[in-house]
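One structure is given here, and the rest of the page talks about it.
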There are 2 protein chains.
Amino acid sequence: MAKKTISTPRPIEKVMTVWDVLTPDERQFLRNNHTVHRFKKNELIHCEGDIPTHMMILESGKVKVFKEGVGSRAQIIRMLKPGEHFGYRAIITNQPHNTNVAAVEPSTIFMIKADIFTSILKHNNAFCYRFLEELACDLGVSDARIVNLTQKHIRGRLAEALLTLKKNYGVEADGATISIYLAREDLANLSNMTTSNAIRTLSNFANEQVIAMDGRKLKIIDEERLIRISKMG
Amino acid sequence: MAKKTISTPRPIEKVMTVWDVLTPDERQFLRNNHTVHRFKKNELIHCEGDIPTHMMILESGKVKVFKEGVGSRAQIIRMLKPGEHFGYRAIITNQPHNTNVAAVEPSTIFMIKADIFTSILKHNNAFCYRFLEELACDLGVSDARIVNLTQKHIRGRLAEALLTLKKNYGVEADGATISIYLAREDLANLSNMTTSNAIRTLSNFANEQVIAMDGRKLKIIDEERLIRISKMG
DNA sequence: GTAAATTTGTGCTTTAAAACATTGTTATCT
DNA sequence: AGATAACAATGTTTTAAAGCACAAATTTAC
């Protein structure tokens, strides 16, 4: 692996997808009132039970949002990519966080204080509406996940996870390798299965020529087939 | 069972929990621009794939929001009680509904046309914020459900469902009978299990004196114990 | 009010996935 | 660079829950 270059973060206006609905005053205010934080791989950004203090935006890197369930078994709720917001749901409901967030690779995060965020939400209708859309979308995804994770069989759940990762992070230059290298354990926690079963099922997919593996690099070879597997349940 | 009386629906201002943030103009407009619909027990209100046309408010009765999963096995996402909104998430995301909604007992529903609803959302910041809060809350519940339904064992899932129903619908005069009489199949679909297993597990709970059953009437006798069962997983 | 159709209740069988155990392999840290 | 820890791969055993079959009891419909 090449030595990591610590790149300078982009300016906030290039990172915030909701920048267009802000007023000139709000823009200037946010330029001066946000902080930049770097997190190392596997570093915890916030955890369940914490009082939310900031709304956050992933500038670069990749993070996982997960919950600790029975016997501290983790369930990954969703994976974020640059430009996505997080940590603000708990601000809106006025409750402690109910998820943990951790970096799965070195990540840079912009933070905006909770009171500044709510103040804009309450004064800028278009801004508020954007987050309404975002939550409406996330809720649809979450509801769909309930059914996928509870009703599909192991193969279907893992196939689904691989397809979602590909859609979310895209592929590398070869056009097939999924642009995120997760540990088998993370794949298992995404797909609601044990690590052994994730490993076993990946091996089966590889034997069946549906995917190809090179360590953590996963290549989807037969996407049609993977889609069929994910639908069969 | 006593003969059902068809009660006159209450006026919209008594039903809409967000009435307080509306302007006098909006109030008058909504008084004139909403429709009232009655649904019989088990009647479908809207289904997966339908284009959303109205945001809806349950005036009276009880409805279930559910998804059809693998092999058309239903998963109840949530149960609604009077005063709750539904059908609007799809309006906000501009997509077809991704859930079915059906009355589990005779229900009266107020409907507001989609374009009217979005227009108020886009012009009344406080109104928009209220729905932002509602979705933020629902997303938290949905995420928690992912973990509960995937990681807990049958007994834990059913215990959880019973406690949630009690919290949501309350109890009758005796202080113990849950104020909703669901079919075993609905209880199963709520708790991600087969009907046989719901029946079996309810019988076990009854033998253990945790609950008492009289047909569809379920009485929670030992709530502490039920809470412990639901936490154990 | 009676017949048909659901719904409920049980026992038995099968099966998918977890749990466990062991070994090989790859990162990570001083 | 070598030690140590974390991760990956597989085989075996156990178990929770689904699937199935059938009888009894309720609803619902005509």
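Below, chains carry the letters A, B, ... as their sequence lines are ordered, and counting in each starts from 1. Note that the structure is a prediction, hence the values are computed from the model and not measured.
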Note to self: Using whole Å, what does the distance between atom C1' of nucleotide D:dT27 and atom OH of B:Y181 come to?
What the structure shows: 16 Å
Next item on the list: Calculate the interatomic distance between A:L202 atom CG and D:dT10 atom P; express it in whole Å.
Entry: 11 Å
Note to self: Tell me every residue that passes side chain to side chain donor-acceptor pair (under 3.5 Å) with A:D186, counting only those two or more places apart in sequence or in another chain.
What the structure shows: A:K64
Margin query: For residues 66-76 of chain A, which residue pairs pass the side-chain hydrogen bond (donor to acceptor under 3.5 Å, both in side chains) check, not counting sequence neighbours?
Written below: A:R73-A:N192
Check: Taking CZ from B:R184 and P from D:dA25, how many angstroms apart are they, rounded to a whole number?
Finding: 15 Å
Next item on the list: Quickly work out the B:L187 CG to C:dG9 P distance and round it to whole Å.
Entry: 11 Å
Margin query: In whole Å, I'd like the distance from the CZ atom of A:R155 to the C1' atom of C:dA16.
Written below: 13 Å
Checklist line | Residues forming a side chain to side chain donor-acceptor pair (under 3.5 Å) with B:E105, sequence neighbours excluded | finding: B:K62
Margin query: Using whole Å, what does the distance between atom P of nucleotide D:dC7 and atom CE of A:M213 come to?
Written below: 17 Å
Note to self: Return the OG to CD distance between B:S230 and B:E223, rounded to the nearest 0.5 Å.
What the structure shows: 10.0 Å
Item checked: For B:S179, side chain to side chain contact (heavy atoms under 4.5 Å, CB included) partners two or more places apart -> B:Y169, B:E172
Item checked: Those residues that, when tested against B:H97, pass side chain to side chain contact (heavy atoms under 4.5 Å, CB included) (two or more places apart) -> B:H46, B:D50, B:P52, B:A90
Notebook entry, point to check: For the helix from C:dG1-D:dC30 to C:dT30-D:dA1, how many degrees between its two end axes (five pairs per end), to the nearest 10°?
Noted result: 60°
Notebook entry, point to check: Under the side chain to side chain contact (heavy atoms under 4.5 Å, CB included) test, which residues partner A:N204, sequence neighbours left out?
Noted result: A:R155, A:E208
Margin query: Could you tell me how far apart A:F205 (CZ) and D:dA9 (P) are, to the nearest whole angstrom?
Written below: 14 Å
Check nucleotides 23-30 of chain C against the protein and report each pair of N or O atoms closer than 3.5 Å, with its distance, or say if there are none.
none

When you compare the protein's N or O atoms with those of nucleotides 18-23 of chain D, which come within less than 3.5 Å of each other, and at what distance?
from: D:dA18; atom 1: OP2; to: B:N197; atom 2: ND2; distance (Å): 2.3
from: D:dG19; atom 1: O6; to: B:R200; atom 2: NH2; distance (Å): 3.4

Next item on the list: Starting from C1' on D:dA16, measure out to NZ on B:K152 and report it in whole angstrom.
Entry: 17 Å
Notebook entry, point to check: Mind checking what makes side chain to side chain donor-acceptor pair (under 3.5 Å) contact with B:R78, not counting sequence neighbours?
Noted result: none
Checklist line | Pairing residues for A:N207 by the side chain to side chain donor-acceptor pair (under 3.5 Å) criterion, not counting sequence neighbours | finding: none
Next item on the list: Answer yes or no: does a side-chain N or O of B:S203 lie under 4.0 Å from OP1 or OP2 of C:dT10?
Entry: yes
Margin query: Distance check, rounded to the nearest 0.5 Å: A:T150 atom OG1 versus B:N148 atom CG?
Written below: 12.0 Å
Margin query: Restricting to side chain to side chain contact (heavy atoms under 4.5 Å, CB included), what partner residues turn up for B:T164, sequence neighbours left out?
Written below: B:E160
